[in-house]
Structures are given as structure tokens and as C-alpha cells.
There are 2 protein chains.
Amino acid sequence: MDHSLRIKFDKIDRKILEILQANAKITNAQLSKDIGLSPAPTLERVKKLEQSGIIKSYHAKLDPEKIGLGVSTFVLVSLIGHNKGNIDAFMREINIIPEVIECHHITGTGDFILKIIAKDITSYQSLMLEKVSEIKEVDSMQSMVILSTFKDSKVMPIPA
Amino acid sequence: MDHSLRIKFDKIDRKILEILQANAKITNAQLSKDIGLSPAPTLERVKKLEQSGIIKSYHAKLDPEKIGLGVSTFVLVSLIGHNKGNIDAFMREINIIPEVIECHHITGTGDFILKIIAKDITSYQSLMLEKVSEIKEVDSMQSMVILSTFKDSKVMPIPA
DNA sequence: ACTTTGCACCGTATAAAATTCTGTAAATGC
DNA sequence: GCATTTACAGAATTTTATACGGTGCAAAGT
């Protein structure tokens, strides 16, 4: 059974999605020009894409450096047990740490991969020691510090 | 020398940034209410944050499943050489692959970590075989398939 | 201590944008 | 072929963003 309801969208919708991923602040008038429709049906399509959940939300992207966030990392985490209870407990703890931006359950080496952002190495260290490694379900961790980011695209390629 | 020009912003600006990260589509009127100012200076602050580069851009977040993107992965990549020429060549190749959403240079096990998104396992496989592993600077790769995503916050914590 | 300057704010007016409404044409189903 | 539905355009309306003018406060200088 397929829970993720397949909503259909055509070539025009795809173009709308591409444009809004790259630039959410475009006016409806400009968007309508770009896709070759009048404003009314353009807006109608956007609303439909929002209501159907294809467009989930809109976000401002900030410059981490300029807001004083100098350290970003990926952390591979192994749990002591792999049962659902442990995973749920871990998730709950992770969710209340704002510095943990992402948390994915993965195959391979570890069990989870986290993306963490902090002010500097010092605050990163205390975050890890006092918060993350204090979670009792956590067995081992391996940090990968981001030296530089070459690509950080907010535009997903939409299959035909 | 500090290239990342430290722009100063106060408590109100911080609140604006938090709100716009979580919801970029908020109206200026509502935003002004939330922060306790009138619309005019609120807009002024937002514009300043945009011009200073603290706010880089605005993006629509889509539901990957609903646009037919069922497979997301992190890939650790080691290069054959670690000199600048090799890294630049690798970056150029990576940049033209739309399925590679992110590319970070990291410390630790590998040299790079990529985030890749694809339609299904089949298309992921052919992407990896025909595009990524064809890049001649690539030595080894290790894929971690995302089974599920528990947290994907677009809100960074802003240090005081 | 007083003045001056500059900045951040507010209320209002204007311009632009989003949204709604109405009618029309094309596509779909019977 | 006719009825029904869907998607569209153009115009009217409402909402929102933006620009302007004036006010108070705080910091800097005298």
C-alpha cells in the first residue's frame, strides 16, 4: 500500500516547482510570465501544489558565517540497541537540541547521521559532551567537520 | 583577515531571522506584530538583512516522495589526490550533476560528503555508475542510504 | 548640562501585488 | 453530438508592500 499519495502534475507544474525552489520570493505576476500563463491560473496551480503537500513550506536561507555559526559537522551515531523503543527515545532527545539541524536513519556504518551547527569548536565540543553523548541510547559517534561547502542546492531535480 | 564581514544585529533582528527561516511566506504585517514593531521599520530591517547578505535567499521546500524522489543518500568520497587541482576538477564535475544536492569538504574518513537524491534505486545506481564514479579524481565511495528522516530543520539556532 | 546629530520608530498615503469573480474555450465523458 | 468538467484570460477587488513625512530618543560633542 502506497501511503505517499501520488498527485499528478504536468510540465507547467514542474516548471513552477523548479522556479519556487530556486526563488520563493518571485511575484505571481513574474512567475506567470516565466511559465507562459496569466496570473490567475498560475496562482491556482501554486495553491493546489501547496494544498496537496507537494510544496511543504517556504524558508529563508541564512549565511551561517554571518550569524556567527562557524562550525558545521556531520556526525555518524551508533545506538546501543536497534529496537524501536531505543530509536524513539533517541529521536525525542535529538529533537529538542536546536543545534541538530538534521537527523536521518541510514544504512551502512552507523545507524544515524546528524547535521550539527555550532558557533565554534569550543561550543561544538560542549554541545557534544553535554548534550549528544549524554543521550543514553548513544553508543559511539564519529564527527566529520565541514571544512567548506561547495554545493548546497535547494533545487531538487524533478523526474519526468 | 576576516572576509566574512561581521554585521551587527540585535534581539529583534534575531527574532525576524528565526521567523523567516521557519516561514518565509509570512506577511510583513504579521511579522511586525510578532516582533512588536510597526510594519515600516520591520520591512526596513528585513531589507537590511537581505542587503547585508545575512539572508541569502528564499526557497520552497518540496516533499521528495510526492515528486517521485524516493531515494536519498549520503555518499563519502575519497579522491585519488588531495591537491587543489584535483579538488577543483572534482568540484566542477559535481556541480553539473543536479542529483547531487550538496557537496562538502570534510575532515575524517573520506574527503567529501555528498547528498544525492534520485527517483529509485535503479536510477540511483545508474547515476552512481555512469556519472559519479566516472569522475576520474574519485578513488573510493561509500553510500549511506537514508531509510527515514526524523528531523530536517530549516531553522538554525542563532548565537546570542 | 545643553545642544546637535542621527537613527529608529510610527502613522499615513501610494503603489503594487495577490486574490476573487465572471465569462469563455477546450478537453473529457456519455 | 451533447453535457459536464476543467483550465484559462481579463477585469474588479482586496490585501500587501513600499515610500514619505514627522516625532522622539539616545548618543556624541561642546
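Convention: sequence-line order gives letters A, B, ...; per-chain numbering from 1.
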Whole angstrom is fine here: how far is it from [atom1] in [X] over to [atom2] in [N]?
X: L20(B); N: dA17(D); atom1: CG; atom2: P; value: 11 Å
X: K25(B); N: dA17(D); atom1: NZ; atom2: P; value: 11 Å
X: L43(A); N: dG10(D); atom1: CG; atom2: C1'; value: 15 Å
X: Q30(B); N: dT16(D); atom1: CD; atom2: C1'; value: 13 Å
X: L37(A); N: dA7(D); atom1: CG; atom2: C1'; value: 9 Å
X: L31(B); N: dT18(D); atom1: CG; atom2: P; value: 12 Å
X: N28(B); N: dT16(D); atom1: CG; atom2: C1'; value: 9 Å
X: I26(A); N: dA17(D); atom1: CD1; atom2: P; value: 17 Å

Axial bend angle, the helix from dA1(C)-dT30(D) to dC30(C)-dG1(D): five-pair end segments, nearest 10°: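 One end axis against the other gives 40°.
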
Would you please say whether a donor-acceptor pair under 3.5 Å links the side chains of H82(B) and D111(B)?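 The criterion, which ignores hydrogens and geometry beyond distance, is satisfied for D111(B) and H82(B).
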
Less than 4.0 angstrom between a side-chain N/O of R45(A) and OP1 or OP2 of dC8(D), yes or no?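 For dC8(D), OP1/OP2 do have a side-chain N/O of R45(A) under 4.0 Å.
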
Walking along DNA chain C from 5' to 3', note the first and the last nucleotide with an atom under 4.0 Å from a heavy atom of chain A, and give both.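 That gives a stretch of dA17(C) to dT20(C).
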
Does any part of the side chain of D120(B), heavy atoms only, come nearer than 4.5 Å to the side chain of L69(B), both counted from C-beta?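 A side-chain contact under 4.5 Å is absent here.
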
Do the side chains of S52(B) and E50(B) get nearer than 4.5 Å, heavy atoms only?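 No, their side chains stay 4.5 Å or more apart.
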
Measuring from the side chain of K47(B) (C-beta onward, heavy atoms only), which nucleotide among dA17(D), dC8(D), dT18(D) has the closest atom?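 So the nucleotide nearest the side chain must be dT18(D).
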
Stepwise, does the salt bridge (charged side-chain N to carboxylate O under 4.0 Å, His left out) test hold for K115(A) with E102(B)? CA-CA 12 Å; K115(A) 188 172 190 176; E102(B) 297 180 27; 3.3 Å; yes

Scan K8(A), R45(A), K48(A), K47(A) and name whichever one has a salt bridge (charged side-chain N to carboxylate O under 4.0 Å, His left out) with D13(A).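 The salt bridge (charged side-chain N to carboxylate O under 4.0 Å, His left out) with D13(A) is passed solely by R45(A) among K8(A), R45(A), K48(A), K47(A).
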
How would you label the contact of S38(B) with the nucleic acid (heavy atoms, under 4.0 Å): base, sugar-phosphate, or nothing?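 Answer is base: heavy atoms of S38(B) come under 4.0 Å of a base.
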
If you look at every strand shown and take non-hydrogen atoms under 4.0 Å, does A29(B) touch a base, only sugar-phosphate, or nothing?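 Here A29(B) touches the backbone only, sparing every base.
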
